[in-house]
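Comments concern the structure below.
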Amino acid sequence: QVQLVESGGGLVQAGGSLRLSCVASGTLFGIASMGWYRQAPGKQRELVAVITSGGDTYNTDSVKGRFTISRDNFKNTVYLQMNSLKPEDTAVYYCNANLYTDSTKIRTHDYWGQGTQVTVSS
């Protein structure tokens, strides 16, 4: 079994910072990519940022220049440093890990964390 455990959410004023962490544990055959999604009330879940096993990153336009995704391969952990937070960043943030299903590393499977609330007050 694989588990993703997130931490670091909370309440912050506009302009403030938060750092989210997500640790993958269990039987792991390798991580293809890890990322963060968010879902605001009444909206669809959207991709925020993703980082591949090779270190390539992608940030959605609305967070470019403010959020930074990083990864510690030895700790199977992904981070999301969020600076200059805005009220529109308020959402539940979900960690996603795209993991290889066995040692052949041909197929992958998506796993999700339980979500962590980020609330930005104006």
Side-chain angles (χ1 to χ4, degrees):
Q1 281 286 21
V2 173
Q3 275 194 319
L4 300 181
V5 179
E6 302 141 336
S7 61
L11 173 64
V12 65
Q13 288 189 332
S17 298
L18 284 174
R19 188 192 195 206
L20 305 183
S21 301
C22 173
V23 181
S25 63
T27 303
L28 304 177
F29 293 99
I31 301 173
S33 67
M34 294 186 78
W36 292 92
Y37 288 70
R38 67 186 179 186
Q39 187 166 19
K43 294 188 176 181
Q44 289 189 332
R45 189 175 298 189
E46 64 170 352
L47 174 65
V48 177
V50 64
I51 183 166
T52 69
S53 59
D56 294 326
T57 62
Y58 167 83
N59 288 350
T60 194
D61 286 346
S62 61
V63 307
K64 284 180 180 177
R66 301 188 298 123
F67 292 10
T68 302
I69 189 169
S70 61
R71 182 170 153 183
D72 185 330
N73 290 333
F74 293 105
K75 296 182 178 179
N76 295 322
T77 300
V78 65
Y79 306 97
L80 185 68
Q81 178 65 44
M82 305 185 293
N83 298 328
S84 302
L85 281 160
K86 304 175 180 180
E88 50 263 43
D89 295 318
T90 296
V92 177
Y93 283 70
Y94 295 91
C95 176
N96 169 269
N98 188 242
L99 307 179
Y100 293 107
T101 58
D102 55 42
S103 59
T104 66
K105 295 189 177 181
I106 295 174
R107 296 180 179 178
T108 62
H109 182 79
D110 274 327
Y111 293 89
W112 294 91
Q114 79 283 0
T116 185
Q117 178 69 46
V118 170
T119 303
V120 184
S121 63
S122 57

Count I, L, V, M, F, W, Y as connected when their side-chain heavy atoms are under 4.5 Å apart, and connections chain through other members. Are Met82 and Ile69 then in the same cluster?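 Yes; tracing contacts between hydrophobic side chains, which count when under 4.5 Å, links both residues.
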Does Tyr94 share a hydrophobic cluster with Val50, counting links as ILVMFWY side-chain heavy atoms below 4.5 Å and allowing steps through other members?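 Linked within one cluster.
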Write out all pairs satisfying ring pair (Phe, Tyr, Trp, His ring centres under 6.0 Å) with one or both partners inside residues 100-122, taking only residues at least two apart or from two chains.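 Of all non-adjacent pairs touching residues 100-122, those that pass ring pair (Phe, Tyr, Trp, His ring centres under 6.0 Å) are Tyr37-Trp112, His109-Tyr111.
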Ring pair (Phe, Tyr, Trp, His ring centres under 6.0 Å): pairs with one or both residues in residues 56-85, sequence neighbours excluded: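 Listed by first then second residue: nothing to list.
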A side-chain contact here means heavy atoms from C-beta on lying under 4.5 Å apart; do Val118 and Val120 qualify?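 In contact.
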Spacing of CG belonging to Asn73 relative to CD1 belonging to Ile51, to within rounding of 0.5 Å: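 Between Asn73 CG and Ile51 CD1, I get 7.5 Å after rounding to 0.5 Å.
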Interatomic spacing from CG in Asp61 to CG in Asn59 - rounded to 0.5 Å: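 It is 9.5 Å, given to the nearest 0.5 Å.
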side-chain contact (heavy atoms from CB on, under 4.5 Å) with Thr119: which residues, sequence neighbours excluded?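 Scan of Thr119 (side-chain contact (heavy atoms from CB on, under 4.5 Å), adjacent residues dropped) gives Leu11, Thr90, Gln117.
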Atom NZ of Lys105 with >12 non-hydrogen neighbours under 6.0 angstrom: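 12 or below, so no.
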Might you point out which heavy atoms bring Ala14 and Ser122 nearest each other, and give the distance in Å?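 Taking Ala14 first and Ser122 second, the nearest heavy atoms are CB-CA, 4.3 Å.
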Minimal non-hydrogen separation, Lys75 against Thr77, with atom names: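 Between these two residues, the closest heavy atoms are O-OG1, 2.8 Å.
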Side-chain donor-acceptor distances from residues 42-49 under 3.5 Å, at least two apart:
unit_1, atom_1, unit_2, atom_2, d
Glu46, OE2, Arg38, NE, 2.7
Glu46, OE2, Arg38, NH2, 3.2

Charged N to carboxylate O below 4.0 Å: is that the case for Asp89 and Lys86?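 Between Lys86 and Asp89 there is no salt bridge, as every charged N stays at least 4.0 Å from the carboxylate O atoms.
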Distance-only donor-acceptor pairs under 3.5 Å for side chains of residues 1-9, two or more places apart:
unit_1, atom_1, unit_2, atom_2, d
Glu6, OE1, Gln114, N, 3.3
Glu6, OE1, Gly115, N, 2.5
Glu6, OE2, Cys95, N, 2.5

Please tabulate, for side-chain N and O atoms in residues 17-35, each donor-acceptor pair with protein atoms closer than 3.5 Å (sequence neighbours left out).
unit_1, atom_1, unit_2, atom_2, d
Ser17, OG, Asn83, OD1, 2.9

Does Arg107 use its side chain to pair, donor to acceptor, with the backbone of Thr101 at less than 3.5 Å?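 It does not hold such a pair.
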